[in-house]
Amino acid sequence: MTTKVEALTPEQVMSLPAMPPVKSAFAAMNISEGTGYQLIRQDEFPIEVLEFGRAKRVRKTDLVAFLRLTPIAAAEVQPAAATHNDGAPGVQPEAPSEQSAPTRASK
């Protein structure tokens with residue numbers, strides 16, 4: 001059975017440990033576990049996989065380089081639910097707001 005893992009955001013990728021499990025790499029790449037393990041078996045996984053007994057891990061630096069993430073770029077990406085000072089998502093306090101013209105109900 002192929003299970004799809006929840007994709008990681010750039011911030012989550014940057015917060016991974018130095019040697020995350022391959023499942024974290026699959027999530028960062030937004031591929032299923034089945035596809036990821038198949039690529040590993042075929043020696044076609046795009047980054048080096050290190051084996052420690054039965055545990056398979058990747059280097060975070062390799063993963064970040066493959067995804068072309070940098071600490072600066074990851075910090076610039078804002079999560080969709082980010083809030084500003086007033087607590088409203090995606091609203092900038094100093095930005096002008098649009099107001100619709102009042103309408104009259106027809107009788």
Side-chain angles (χ1 to χ4, degrees):
M1 181 173 131
T2 302
T3 48
K4 183 124 179 176
V5 292
E6 188 70 27
L8 298 180
T9 65
E11 293 86 5
Q12 290 171 319
V13 172
M14 297 307 286
S15 69
L16 288 172
M19 297 286 289
V22 291
K23 288 183 181 182
S24 295
F26 302 158
M29 296 174 174
N30 199 22
I31 61 173
S32 69
E33 288 181 25
T35 299
Y37 284 117
Q38 180 180 5
L39 290 170
I40 291 170
R41 280 191 304 275
Q42 295 171 345
D43 201 27
E44 293 181 7
F45 197 68
I47 56 179
E48 183 180 10
V49 175
L50 304 167
E51 295 187 23
F52 300 95
R54 292 179 53 194
K56 291 179 177 19
R57 299 195 176 264
V58 296
R59 289 182 190 92
K60 176 181 166 182
T61 55
D62 293 344
L63 180 61
V64 168
F66 174 77
L67 295 173
R68 295 184 177 155
L69 293 176
T70 62
I72 295 170
E76 289 175 354
V77 176
Q78 296 295 321
T83 58
H84 296 279
N85 294 337
D86 63 355
V91 176
Q92 296 177 4
E94 59 279 344
S97 63
E98 292 183 27
Q99 295 180 355
S100 60
T103 58
R104 290 186 237 173
S106 59
K107 294 184 182 182

> Of all the heavy-atom pairs spanning F45 and A25, show the shortest one and how long it is.
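For F45 versus A25, the nearest heavy atoms are CZ-CB, 4.2 Å.
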
> What distance separates I40 CD1 from T35 OG1, expressed to the nearest 0.5 Å?
11.0 Å

> Would you name the heavy atoms of I31 and G36 that are closest together and state the gap between them?
CD1-CA, 3.8 Å

> Which heavy atom of K60 sits nearest a heavy atom of P20, and at what distance?
N-CD, 3.8 Å

> Do M29 and I47 have side chains that get closer than 4.5 Å, going by heavy atoms?
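Yes, their side chains come closer than 4.5 Å.
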
> For the atom pair CG (L63) and CZ (R57), what is the distance rounded to the nearest 0.5 Å?
13.5 Å

> With rounding to the nearest 0.5 angstrom, report the NZ to NZ distance, K56 to K23.
11.5 Å

> Side-chain contact, heavy-atom cut-off 4.5 Å: L39 with F26?
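SC-SC contact between L39 and F26 ruled out.
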
> What I'd like to find out is whether the side chain of M19 reaches to under 4.5 Å of the side chain of R59, using heavy atoms alone.
yes

> Please report the shortest heavy-atom distance between Q12 and L8, naming the atom on each side.
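Shortest heavy-atom contact: OE1-CA, 3.3 Å.
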
